[in-house]
Amino acid sequence: MAVLLSGVWALLACLARPGATEELFEVSAWPSQALVGFGQSLVVNCSTTCPDPGPSGIETFLKKTQVDKGRQWKEFLLEDITESSVLQCFFSCSGIQKDRSLDITVYQPPEQVILELQPDWVATDEAFTVKCLVPQVAPLENLTLTLFQGSQELCRKSFVSSALASQRAEVTLSVTARRENDRCNFSCCAELDLHSRGGGLFRSSSAPKVLRIFEFFQSPLIWVPSVLEVGTAAAVSCEVERVFPANEVVFRMFLGDQELSPFLTWAGDTVWANATVRATEPGEQQLSCVASLGPVAQKARQPVHVYSFPPPIVEIEESYALAGTEVNVTCSGHTLTSPSPTLRLQGAPERPAPGEPARLLFSATAEDDGRNFSCEASLEVRGQRLVRTAVAQLRVLYKPRLEEAGCPGTQTWLEGKEQTLACIPAGNPAPALVCTWNGVTVDLEVPRKVAQNHTGIYCCTATNQLGSVSKDIAVTVQGPSEGRSSTMVFIVIILLVVGINTTALYFNCQPCKIQKKKLPHQQKEPSKAEEDQGGGQQAERGNVPNFCLETGLSVNEISIIGIS
């Protein structure tokens, strides 16, 4: 480059006419237009047409180093250029100085584009701000910032009148929130166009940001029973109306310090949180519900009275008592019950005072074996009457019994049929039963085919730890013909009774039918005397049913039918 410039200037000097004035020399700078990246370096060449130049150089506040020179040119290195400036190349020729200006433009692409939504959750009909910021960019007069909602352009701003010293660009837009803006993407694009300065186009965009729109103006409503029993599951609910978006509401529910696990459902702009609660301690507590959406949280509380009311305790002093001994039954309220309940023990002569146990004392009999004693405890909680019941069973130990109901003393068997001796003993503990016939033990569990020789007296003995009892059972065996004869006699008797009644009815109703047929033809119009006489007769039979009079039956005939 230096050799080429020296040759050009030498050629011009040779072509100059002798005697030309030195005042016609020129000064030039290369490059004619400088575009330098921020912090980079630049090589500048200053030259002149003066054949014998005097003092020369460059004037700039930038850091400079002369790297080469010739008779009519000089070359300089400018380093760490961070600001745009104007450089002056100067040469003097025959006492005359001339200079050439060189514009140096420093550029910095918009590498960082920041988008801010203030706030990022906005209530409907309220304003929010979209802000785009480029902290380092140059030159600003070649920058354009554009705001987008999705693919729609919202705002475009240029910086042609900005001060050259500034390297920060910003654009702000205020927008009113609508439901349709929910979940919209906002972004910003920065373009630095350097075509007019001999450069290219630099483009950069911000990361998109999502705007959230919400409506949340009402406090939650709590649904919970006014009273809860310790350990018993109960359904509770928390509801929020006029909320958007309903499916994004977050609930936290507590009973006292116990956090619940709600299940959410929603429809339209209403959302419900349903949970199951089990209180662990009695007393006054609060069910609280905290509903939050975005930056907003609403809280509601509802007082709950938690009570403990286990069933009462029924105690029998001797759950296995001997017949004839005294039995003491006591019913008392559970220690966890508060306040003390009112008790009523079945069979007790009187009801005790609140807080006092109910008692029953009696002498046990065999009939009391398996008897249930029921105790009812009642408690009033916040105007509600609550009832709990407990039952205890008494077992009475008594000697064996062979009662007629379970072990009949006379039994009839049918010859040829399979039969077993019917004998079930009573007693506690359950007695063992042994039956003998003619000195032979009878198996009571296996039926046997009955024969005539099975007639006789069977002796049964029931034994338990308290004693034994015996009973003779007379067994009669009937032959097959005896059984059939008895059946036939019974059938014949029934048929005779039915036949006699039918015959009597038939003969007694015949005169009624004949008289009824003759009445329309034989009856004459009665005279007044006959009417009087007939009236008397009518009076005499005034108690006869109408249907018999209509059919023509006499009183005597009616009586006969009744007897039949």
Kindly indicate whether the side chain of [X], heavy atoms from C-beta on, has any atom under 4.5 Å from the side chain of [Y].
X      : Y      : value
Phe202 : Pro110 : yes
Phe214 : Trp121 : yes
Ile222 : Val236 : no
Leu293 : Val250 : no
Glu126 : Thr176 : no
Asn142 : Ser196 : yes
Trp266 : Val249 : no
Ser85  : Leu62  : yes

### Query
Picking from Val329, Asn372, Val391, what satisfies side chain to side chain contact (heavy atoms under 4.5 Å, CB included) with Val314?
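So the option named by the test is Val329.
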
### Query
Of Val122, Asp182, Val175, which is the lone residue that meets side chain to side chain contact (heavy atoms under 4.5 Å, CB included) with Leu211?
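Only one of Val122, Asp182, Val175 forms a side chain to side chain contact (heavy atoms under 4.5 Å, CB included) with Leu211, namely Val122.
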
### Query
Are the aromatic ring centres of Phe244 and Phe217 under 6.0 angstrom apart?
no

Salt bridge check, [Y] against [X]: does any charged N sit closer than 4.0 Å to a carboxylate O?
X      : Y      : result
Glu248 : Arg183 : yes
Lys131 : Glu170 : yes
Glu229 : Arg388 : yes
Arg242 : Glu215 : no
Arg344 : Glu356 : no

Compute whether any side-chain donor of one residue and acceptor of the other, for [X] and [Y], lie under 3.5 angstrom apart.
X      : Y      : value
Asp369 : Asn428 : yes
Thr49  : Glu26  : no
Ser28  : Ser47  : yes
Lys74  : Ser56  : yes
Arg197 : Thr105 : yes

Indicate the atoms forming the closest heavy-atom contact of [X] with [Y], along with that distance.
X      : Y      : result
Thr270 : Glu239 : CG2-OE2, 3.7 Å
Leu192 : Pro139 : CD1-O, 3.3 Å
Arg278 : Gly231 : NH1-O, 3.2 Å
Leu322 : Val396 : C-CG1, 4.3 Å
Ser187 : Pro208 : CB-CA, 4.4 Å
Phe76  : Gly57  : CZ-CA, 4.1 Å

If you count every heavy atom of other residues, nucleotides or ligands that lies below 6.0 Å from [X] atom [atom1], does the total exceed 12?
X      : atom1 : value
Phe263 : CZ    : no
Ile114 : CD1   : yes
Asp257 : CG    : no
Glu259 : CD    : yes
Arg203 : CZ    : no
Arg371 : CZ    : yes

Any donor-acceptor N/O pair, [X] side chain to [Y] backbone, under 3.5 Å:
X      : Y      : value
Ser319 : Ile316 : no
Gln72  : Cys50  : yes
Asn181 : Arg178 : yes
Arg100 : Val27  : yes
Gln285 : Glu281 : yes
Ser84  : Val106 : yes

Measuring from atom [atom1] of [X] to atom [atom2] of [Y], what distance do you get when rounded to the nearest 0.5 angstrom?
X      : Y      : atom1 : atom2 : answer
Gln108 : Gln136 : CD    : CD    : 5.0 Å
Glu141 : Asp193 : CD    : CG    : 12.0 Å
Ile104 : Leu87  : CD1   : CG    : 5.0 Å
Cys238 : Leu287 : SG    : CG    : 8.0 Å
Asp80  : Leu42  : CG    : CG    : 13.0 Å
Glu79  : Lys64  : CD    : NZ    : 13.0 Å

### Query
Would Leu143 and Ser158 satisfy side-chain contact (heavy atoms from CB on, under 4.5 Å), going step by step from the backbone distance to the final call?
CA-CA 6 Å; Leu143 178 69; Ser158 299; over 6 Å; no

### Message
Between His305 and Tyr307, is the side-chain contact (heavy atoms from CB on, under 4.5 Å) condition met? List the steps.
### Response
CA-CA 6 Å; His305 178 74; Tyr307 68 93; 4.2 Å; yes

### Query
Regarding Lys98 and the six-membered ring of Phe90, is the cationic atom NZ or CZ under 6.0 Å from the ring centre and inside 45° of its axis?
no

### Query
Leu78 and Ile58: side-chain contact (heavy atoms from CB on, under 4.5 Å), yes or no, with the steps?
CA-CA 11 Å; Leu78 307 179; Ile58 61 173; 4.2 Å; yes

### Query
Passes side-chain contact (heavy atoms from CB on, under 4.5 Å), Leu115 versus Val113? Steps please.
CA-CA 7 Å; Leu115 181 73; Val113 181; over 6 Å; no

